[in-house]
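Worksheet: one structure, shown below.
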Amino acid sequence: MATRDPWSAFKNEAIALTAEALHAAYGITDTIDHLIEEPDPELADFAFPCYAFSQELGEPPHAIAQALEEALPPRDAVTITAQGPYLNFTIKPDKLVATTLESIREHGSTYGHAKPTNKNVLVEHTSANPTGPLHVGRARNPLLADTLVRILRAAGHHVTAEYYVNDMGRQAATLVYGAEEHQDALDEDAMKEDHRLVTAYQKASQALEEDESLEPQISERLQAFEDGDEEMALRFREVVTRAMTGIRATLERANVHHDNMKFESELVLNGTVDDVLERLKKLDACHQEDDGAWYLDMEALGLDTEKPQLFIARSDGTTLYATRDIAYHMDKHQRADTLIDVLGEDHKLHAQEVQTSMEALGENGDIDFVFYNFVSLPEGSMSTRAGRVVYLDDLLDESIERARQEVTERRGDELDEETIDRVARQVGLGALRFNIVSVQAEKPIEFRWENALNFEGATAPFVQYSHARTCGILENAGHDPGQTPQGDASLLTEDAEIQLARTLARFPALVKTWANQQKAHPVTSYAVKTASAFNDFYRDCPVLQADDETLKTARLSLVDAARATLANTLDLIGIDAPASM
RNA sequence: GCGCCUGUAGCCCAGUCCGGAUAGGGCGCUGGCCUCCUAAGCCAGUGGUCGUGGGUUCAAAUCCCACCAGGCGCGCCA
């Protein structure tokens with residue numbers, strides 16, 4: 001049984017050797033795991049900087065490094081050398097290549113995936129109000145989160161991706177009011193329900209803003225719904241479901257999947273929210289206004305805030321987002337070990353309030369948040385009302401269209417219509433997803449078509465193209481992917497071959513790191529590095545025209561390993577790995 | 001005003017959590033590479049006061065403080 005994680009196996013060896021040397025040379029038994037670095041591959045694979053013990057031992061770091069080197073007898077798997085103040089470990093190329101190829105050969109499409117952990121993770125993401133189509137400002141949420149979900153699954157966790165459907169707040173009521181009373185404003189030309197409804201929603205919002213006497217249209221609907229009026233519940237459900245059908249279709253196009261749709265109203269109608277509300281009211285920090293509205297004193301609960309009053313019930317008795325969200329998170333805690341919420345940074349305060357309130361109730365307030373900044377347009381932040389908005393549907397259309405032009409230009413005379421269509425979809429969506437996830441969540445993104453739909457340089461098409469090259473070589477050699485004969489790894493001694501194997505070897509360890517950090521963006525950097533390493537190999541090492549058959553077979557093994565790793569990496573980003581493009 | 005986030009070459013972005021060996025890519029620009037496994041590729045060159053100023057440290061893009069600039073939040077909205 002080959003290791004699933006070649007890199008960690010070698011790293012553990014470097015850690016053990018360093019500990020052994022410290023003990024042998026100085027009698028030090030400290031844990032030094034966290035001190036082991038992974039420097040520039042030109043220098044070494046692992047390094048132990050000796051500054052840390054310099055003062056304690058009264059010796060200069062380079063002398064310590066020297067002493068540590070001398071304390072260790074030569075090893076089979078790694079070369080150990082003192083270089084200045086560092087004790088460096090370099091995996092012997094033959095071991096590195098052989099171990100890595102064996103691991104990938106054995107695990108194939110699950111290379112990079114860890115053993116199941118039995119940990120249940122619930123990732124709530126997107127959860128956009130069903131008042132209209134997803135726009136690009138918010139599209140960062142599903143794209144980022146779907147990659148995070150894929151990474152967490154690869155790390156062995158059992159993950160549920162959930163969409164929390166706001167079907168009963170003020171905005172939902174406004175949507176229902178719009179759909180029922182402003183039917184003339186429905187966009188009858190629109191192809192999808194979310195696009196049809198949004199115009200009526202906008203009209204309704206505008207009408208409510210201009211005419212205060214319309215307010216009962218909203219409050220009566222909300223009250224009836226919360227009071228358990230079944231006819232009203234059906235009216236809400238019908239409209240919200242229509243909008244959600246459109247939103248879900250968009251997400252599916254973007255290759256984003258939710259395992260569960262949780263309707264907010266469910267927890268209200270089955271009494272859960274009421275129970276929570278009653279418990280909150282019993283808190284010492286809970287007070288009632290003269291008109292009947294209830295609020296929590298957040299300062300009294302220990303939150304240092306400029307907004308001490310967190311309202312949990314309106315004067316008419318209906319509940320608020322915060323109240324329902326507290327109930328929802330309690331519900332989620334019963335269903336999973338770890339909760340992750342992917343939210344826009346505008347929800348930061350709300351998140352704190354929910355956690356503080358849950359803890360005030362003596363409930364588990366552990367929630368991991370991934371906050372992302374917004375995608376804005378050069379002319380400002382997106383606003384549906386101001387018409388300053390790019391819908392995700394339009395962005396998807398445009399990206400596929402531009403990709404189609406690109407494929408046609410490059411290979412129009414070689415490929416048939418069907419293939420061009422396939423590649424356009426793979427490349428268009430790939431470029432888009434890759435571009436959005438490649439940036440750290442907390443950084444703002446200014447949306448520009450030319451960046452989002454770039455097909456050259458550090459982009460998805462670059463990675464996809466490298467993958468297609470691997471497939472092309474295998475096909476020309478007459479092998480199906482994953483079916484190359486085992487080659488003699490010891491023949492792979494060129495720099496480009498070793499560097500490629502080294503890059504492939506890191507993948508499983510990196511997946512674990514990304515999952516632990518709950519970060520999605522580093523996977524794109526890795527994808528580019530891996531593709532580059534393959535391209536260097538492609539440039540320097542002919543495969544089909546290799547000097548002899550045994551070398552050719554060995555190289556084919558490496559090509560197949562690169563193929564599998566590139567495909568698995570792209571899969572984490574939710575991008576297709578085309579066999580040709 | 002208070003709180004949180006961001007500030008790395010003309011442009012976009014890694015690296016920052018856990019301080020260490022010359023700050024990495026990409027785009028752009030200049031020049032070169034298709035009788036050779038897909039040129040969405042490759043090679044060479046160009047370009048950086050890591051927002052500013054202090055501090056901690058043997059060592060700071062990374063930690064601390066102040067300031068500047070941009071974003072977000074401070075609803076009986078979600």
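Residue numbering restarts at 1 for every chain, and letters A, B, ... go by the order of the sequence lines.
Atoms CG (A:Leu175) and P (B:C77) sit 18 Å apart, rounded to a whole Å. Rounded to an integer number of Å, the gap from A:Lys348 NZ to B:C2 P is 18 Å. The OH atom of A:Tyr321 sits 10 Å away from the C1' atom of B:C77 (whole-angstrom rounding). Rounded to an integer number of Å, the gap from CD of A:Glu450 to P of B:C27 is 15 Å. Here B:G75 presents its P atom at 13 Å from CD of A:Glu289, a figure rounded to the nearest Å. Remark: P of B:C13 and CG of A:Leu144 are 15 Å apart, rounded to the nearest angstrom. Distance, A:Phe534 CZ to B:C37 P: 13 Å, rounded to whole Å. In this structure, the CG atom of A:Leu35 is 10 Å from the C1' atom of B:C18, given to the nearest Å.
For B:A21, its base sits under 3.5 Å from the side chain of A:Asn88 at one donor and acceptor pair at least.
Which of B:C76, B:C42, B:A40 sits closest to the side chain of A:Leu320 comes down to B:C76. When distances run from any side-chain atom of A:Asp40 to the nucleotides B:C13, B:U22, B:C43, the shortest one goes to B:U22. Out of B:A40, B:C37, B:C72, the shortest distance to the side chain of A:Asp346 is found at B:C72. With B:C74, B:C76, B:C5 as the candidates, the nucleotide lying closest to the side chain of A:Leu349 is B:C74. For A:Gln55, taking side-chain heavy atoms from C-beta onward, the closest of the listed nucleotides B:A78, B:C58, B:G75 is B:C58. Each of B:C76, B:C18, B:C5 was ranked by its minimum atom distance to the side chain of A:Asn373; first place goes to B:C5. Of the listed nucleotides (B:C76, B:U8, B:C42), B:U8 has the atom at the smallest distance from the side chain of A:Lys443. Closest to the side chain of A:Asp536, from the set B:C42, B:A40, B:C74, is B:C42. Here B:A40 is the nucleotide among B:C18, B:A40, B:C76 with the atom lying nearest to any side-chain atom of A:Glu456. Closest contact between the side chain of A:Arg314 and the listed nucleotides B:C42, B:C5, B:C77 involves B:C77.
Across all strands shown, A:Gly169 has heavy atoms under 4.0 Å from sugar-phosphate atoms exclusively, and none from any base. Residue A:Glu345 is classed as a base contact, given a heavy-atom separation below 4.0 Å to a base. Base engagement by A:Gln440 is indicated by at least one non-hydrogen atom pair under 4.0 Å involving a base atom. Base contact: A:Gln517 has a heavy atom under 4.0 Å from a base atom. Here A:Ser315 lies in heavy-atom contact (under 4.0 Å) with a base. At a threshold of 4.0 angstrom between heavy atoms, the contacts of A:Gln545 with the nucleic acid are absent. In this structure, A:Tyr538 reaches the bases: a heavy-atom distance under 4.0 Å links it to at least one base atom across the strands shown. Within the nucleic acid shown, A:Arg170 comes within 4.0 Å of sugar-phosphate atoms alone, with no base atom in reach, counting heavy atoms only. Residue A:Val423 is classed as a base contact, given a heavy-atom separation below 4.0 Å to a base. Contacts of A:Ser54 with the nucleic acid, taken as non-hydrogen atoms under 4.0 Å apart, are absent. Here A:His521 lies in heavy-atom contact (under 4.0 Å) with sugar-phosphate atoms only. A:Phe455 comes within contact range of at least one nucleobase, with a heavy-atom separation under 4.0 Å. Using a 4.0 Å heavy-atom cutoff across all strands shown, A:Ala313 reaches no nucleic acid atom at all. Contact annotation for A:Arg555: no contact, since no heavy-atom pair falls under 4.0 Å across all strands.
Taking the six-membered ring wherever Trp is involved, the centroid distance between the rings of A:His350 and A:Tyr321 falls below 6.0 Å. The distance between the ring centers of A:Tyr295 and A:His287 falls below 6.0 angstrom. Not less than 6.0 angstrom separates the ring centroid of A:Phe48 from the ring centroid of A:Tyr86.
Nucleotide B:U57 forms no Watson-Crick or G-U wobble pair with any nucleotide shown, as no partner meets the under 3.5 Å limit on both distances. Under the Watson-Crick or G-U wobble criterion, with both distances below 3.5 Å, B:U49 has no partner in any strand shown.
Atom C1' of B:G25 sits at a distance of 14 Å from the matching atom of B:G47, rounded to the whole Å. With C1' as the reference atom, B:A39 and B:G32 are 13 Å apart, rounded to whole Å. Across the P atoms, B:A23 and B:G28 are found 25 Å apart, a figure rounded to whole Å. Comparing the P positions of B:G31 and B:C63 gives an interatomic distance of 43 Å, to the nearest angstrom. Comparing B:G10 with B:U30, their C1' atoms sit 15 Å apart, to the nearest whole Å. Taking the C1' atoms as reference points, B:A9 lies 14 Å from B:G51, given to the whole Å. Nucleotides B:C12 and B:G55 are separated by 33 Å at their C1' atoms, to the nearest Å. For the P atom pair drawn from B:U62 and B:G7, the interatomic distance equals 12 Å after rounding to whole Å.
Between A:Asp291 and A:Val528, the residue whose closest nucleotide on RNA chain B is further toward the 5' end is A:Val528. Take the nearest nucleotide of RNA chain B for A:Asn476 and for A:Ala458: the residue whose nucleotide is more 5' is A:Ala458.
Annotated as syn: B:C34, whose O4'-C1'-N torsion sits within 90° of 0.
By the 5.5 Å and 30° criteria, A:Tyr86 is stacked with the base of B:A21. A stacked arrangement is assigned to A:Tyr51 and the six-membered base ring of B:G20, with a centre-to-centre distance below 5.5 Å and an interplanar angle below 30°.
In this model, a donor atom of one side chain and an acceptor atom of the other lie less than 3.5 Å apart for A:Gln171 and A:Asn129. In this structure, a donor-acceptor pair under 3.5 Å is absent between the side chains of A:Gln309 and A:Asp297. One side chain, A:Glu226 or A:Thr319, offers a donor N or O that lies under 3.5 Å from an acceptor on the other.
Using cut-offs of 30° and 60° on the angle between ring planes, the pair A:Trp449 and A:Phe447 is perpendicular.
For the pair A:Arg469 and A:Tyr538, the cation-pi criterion (under 6.0 Å, within 45° of the ring axis) is fulfilled.
At least one donor-acceptor pair under 3.5 Å links the side chain of A:Arg433 to the backbone N or O of A:Ile573.
No side-chain heavy atom of A:Glu456 sits under 4.5 Å from any side-chain heavy atom of A:Phe462.
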